[in-house]
Number of protein chains: 2
Amino acid sequence: MTELRRKPSTLKQVAASAGVSTATVSRVISGNGIVSKKLLKRVQNAIDTLDYHPNQAARRLRHMSTKIVGVAISDIQNPFFSTLVEGIESVLQENRYLLLLGNSNENMERERQHLNTFLSERVSGVIFNSTGDDIAYYEKFRLAGVPLVAVDRKPNKLDVDLIQLANEKAAFDAVNHFFMEGHRRIGLIAGPSTVSTGSERCAGYQRALQASGLPIDQELIQTGDFRLTGGYQAMRSLLDLPEPPSAVLVSNNLMTLGALQMIHERGLSIPDQISLIGFDDMPWAASLRPPLTVIAQPVYEMGIAAAHLVLDRIKEPEGPIRQITFETKLIVRASCRCAKLFYPKVTKDEQNL
Amino acid sequence: MTELRRKPSTLKQVAASAGVSTATVSRVISGNGIVSKKLLKRVQNAIDTLDYHPNQAARRLRHMSTKIVGVAISDIQNPFFSTLVEGIESVLQENRYLLLLGNSNENMERERQHLNTFLSERVSGVIFNSTGDDIAYYEKFRLAGVPLVAVDRKPNKLDVDLIQLANEKAAFDAVNHFFMEGHRRIGLIAGPSTVSTGSERCAGYQRALQASGLPIDQELIQTGDFRLTGGYQAMRSLLDLPEPPSAVLVSNNLMTLGALQMIHERGLSIPDQISLIGFDDMPWAASLRPPLTVIAQPVYEMGIAAAHLVLDRIKEPEGPIRQITFETKLIVRASCRCAKLFYPKVTKDEQNL
DNA sequence: ATGAAAGCGCTAACAT
DNA sequence: ATGTTAGCGCTTTCAT
């Protein structure tokens with residue numbers, strides 16, 4: 001109980017205990033070089049009895065390669081990012097890389113500090129979702145030759161490897177789905193136009209309207225901040241319009257939650273009084289009532305791809321920039337008018353919902 | 001573009017550039033020791049022009065203290081854990097500690113590998129949510145004198161610092177709330193009895209029944225695995241009973257989602273046909289229809305407390321074991337009968353929901 | 001096949 | 001107040 005902290009055993013101790021040189025032990029551990037069966041066994045015994053675990057700090061100092069990937073994201077609480085991290089981590093662990101997580105919570109100051117940490121830790125690569133602003137800082141990594149991979153959001157001026165979504169097309173398709181159902185007055189809860197996901201989704205929405213010969217009504221486009229309250233307020237603005245939309249596309253998951261709260265507060269029924277499609281298929285989307293029609297993103301796969309991209313780039317620093325775009329899938333549930341086609345089973349109680 | 005990876009500059013280079021000794025530079029960086037204004041300035045200049053960032057691996061090798069905390073959790077995708085991590089991280093960053101994340105996705109093999117990594121990285125402390133099984137492995141850290149802090153789940157045999165919830169009381173209160181509303185046949189979707197959160201919540205449920213003189217009906221207690229499908233299946237078992245419960249307490253957030261899906265599939269209305277209370281107040285709880293009554297846990301605060309506990313213990317290894325229990329709060333929304341008291345504003349369309 | 005030894009970048013004890 | 005230097009634990013030539 002009142003035990004002193006026992007220092008971890010060192011390679012030197014293992015060598016002494018096995019009666020061999022430190023070089024031999026090192027060869028056994030790394031698997032490089034040839035060691036006779038006899039010594040191999042003796043060394044392995046010593047490792048086990050001493051419960052030896054190689055000191056990573058010392059190894060890194062020697063070979064100047066850390067096998068650490070820094071992941072800088074803006075909000076780990078958003079399921080989108082936690083799934084992304086999950087995907088990244090699975091690949092990194094397979095490849096015996098360490099994941100250093102920097103969660104900035106949308107705070108520039110914290111993000112900076114994380115990037116400094118990455119620099120100090122000499123990370124082998126960085127995966128990040130840029131706020132779009134702080135590009136100068138990321139430039140440091142490029143200068144230092146540290147591979148950078150952007151996910152989800154496309155940085156403004158920085159040419160880097162990129163994993164992104166076919167945002168424009170996804171929004172275009174969703175709006176067309178609304179058309180198919182007979183909607184003509186369609187609202188958009190947009191994200192900040194400064195980030196690519198925000199502007200591209202808005203562009204897709206606009207193109208769909210134009211393609212159908214409908215005018216673009218600016219008051220039908222309400223911008224939120226990608227957070228819950230943003231969606232809440234934007235939906236209020238839409239509902240307060242003299243002629244509110246009959247269908248609304250929401251640009252991300254958190255804003256969808258906010259929009260739903262507002263709709264419930266007003267006592268409006270979905271989809272009869274208002275139809276809804278949201279970006280991101282979250283675990284809760286199917287548990288809502290009615291279950292939510294969503295644009296599903298292959299988030300986990302995007303994480304995996306990002307990790308592969310950064311590992312490839314670490315192995316092969318040269319070579320053309322790679323930008324991978326993932327397609328989305330519209331998962332039709334019951335929050336738009338075709339609800340009845342897909343969910344015919346409703347009880348009497350629900351008929352007039 | 002086709003630029004070679006420039007090696008980061010070293011303290012030695014800074015010293016040379018500033019025309020001082022390495023010791024002086026070291027003193028400037030660490031803030032220990034006294035340096036004249038003149039040299040201070042020269043050193044700082046050199047640091048800026050060379051864009052010097054201290055090599056952490058080297059520092060660690062010297063000090064023998066890594067300032068890394070390993071965080072081993074079972075499922076980063078669960079909002080409970082991502083919020084927890086968020087809380088932990090904010091404290092660690094403030095104290096200039098690194099957070100090494102090990103997400104096992106409930107996979108023992110991966111968890112082991114993470115723990116080995118923690119050992120190799122010589123982490124200063126570990127925060128973990130035990131599956132209850134792999135105690136022997138955690139024992140290694142205790143032997144090595146590495147502080148351990150358990151969160152959420154109380155390990156079986158291991159005496160460690162602990163952050164937990166007043167689970168028993170929370171369940172007790174929730175069931176009493178059901179009583180107050182007139183329910184007499186109350187179901188429980190329980191978690192695995194092998195983990196403390198599962199067994200304690202079940203105990204609270206049972207005590208509440210006994211306190212009211214009601215019999216404990218085993219078929220009203222259905223056990224799930226704390227995942228979505230577990231809740232889905234458990235709720236089905238409850239609804240398939242000859243005499244189903246009129247109210248159900250669900251032992252965690254993911255199972256609540258599953259339970260909701262089953263309820264919707266059966267076309268039952270909440271709260272009139274069935275009332276529901278779930279553990280964990282998640283962002284989506286208020287966006288459900290009806291908004292969900294939940295037992296809210298101060299998750300973020302638990303993360304903060306866990307981080308403080310581990311940092312304290314690193315500073316002061318001796319001293320009695322500390323186990324901090326957080327209280328819950330019942331947030332009454334509209335998924336239980338008193339709904340009408342709290343949410344009087346319903347439109348005509350909703351009257352018979 | 002094995003060992004001896006230099007040195008990665010940094011800190012701190014000691015010397016001045 | 002500043003500099004000199006040994007050494008943290010490991011890998012990797014270079015000898016043998």
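Below, read A as the first sequence line, B as the second, and so on, with proteins coming before strands; counting in each chain starts at 1.
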From [atom1] of [X] over to [atom2] of [N], roughly how many Å is that when rounded to an integer?
| X | N | atom1 | atom2 | answer |
| --- | --- | --- | --- | --- |
| A:L61 | D:dT11 | CG | P | 11 Å |
| A:R62 | D:dC8 | CZ | C1' | 14 Å |
| A:M64 | D:dT12 | CE | P | 13 Å |
| B:L11 | D:dT2 | CG | P | 16 Å |
| A:I29 | D:dG9 | CD1 | P | 13 Å |
| B:L40 | D:dA1 | CG | P | 12 Å |
| B:K12 | D:dT4 | NZ | C1' | 13 Å |
| A:Q13 | D:dC10 | CD | C1' | 13 Å |

Using a 4.0 Å heavy-atom cut-off across all strands, classify [X] as base, sugar-phosphate, or nothing.
| X | value |
| --- | --- |
| A:S26 | base |
| B:S30 | nothing |
| B:L39 | sugar-phosphate |

**OP:** Nearest-nucleotide wise, let me know which of A:P54 and B:S21 is further upstream toward the 5' end of DNA chain D.
**Re:** B:S21
Original post:
Can you tell me how far CD1 of B:I68 sits from CD of A:E121, rounded to the nearest 0.5 angstrom?
Top reply: 6.5 Å
**OP:** Ignoring hydrogens and angles, answer whether the base of D:dG3 and the side-chain atoms of B:R27 contain a donor-acceptor pair closer than 3.5 Å.
**Re:** yes
Original post:
Quick one: which of D:dA1, D:dT5, D:dG9 gets closest to the side chain of A:T10?
Top reply: D:dG9
Original post:
Any side-chain N or O of B:S36 under 4.0 Å from OP1/OP2 of D:dT2?
Top reply: yes
Subject >> Candidate pair B:E86 and B:V299, rule side-chain contact (heavy atoms from CB on, under 4.5 Å), full reasoning >> reply: CA-CA 10 Å; B:E86 169 105 41; B:V299 191; over 6 Å; no
Original post:
Between B:R322 and B:D312, does a side-chain contact (heavy atoms from CB on, under 4.5 Å) hold up when you go through it step by step?
Top reply: CA-CA 11 Å; B:R322 291 201 283 166; B:D312 287 355; 2.7 Å; yes
Between [X] and [Y] (side chain of the first, backbone of the second, donor and acceptor by atom type, cut-off under 3.5 Å), is there such a pair?
| X | Y | result |
| --- | --- | --- |
| B:S82 | B:P79 | yes |
| A:N78 | A:F80 | yes |
| A:R122 | A:T66 | no |

Original post:
Between which nucleotides of DNA chain C, read 5' to 3', does contact with chain B run, using atoms under 4.0 Å from its heavy atoms?
Top reply: C:dG9 to C:dA12
**OP:** Please state whether the rings of B:Y138 and B:F128 are parallel, tilted or perpendicular, taking 30° and 60° as the class boundaries.
**Re:** parallel
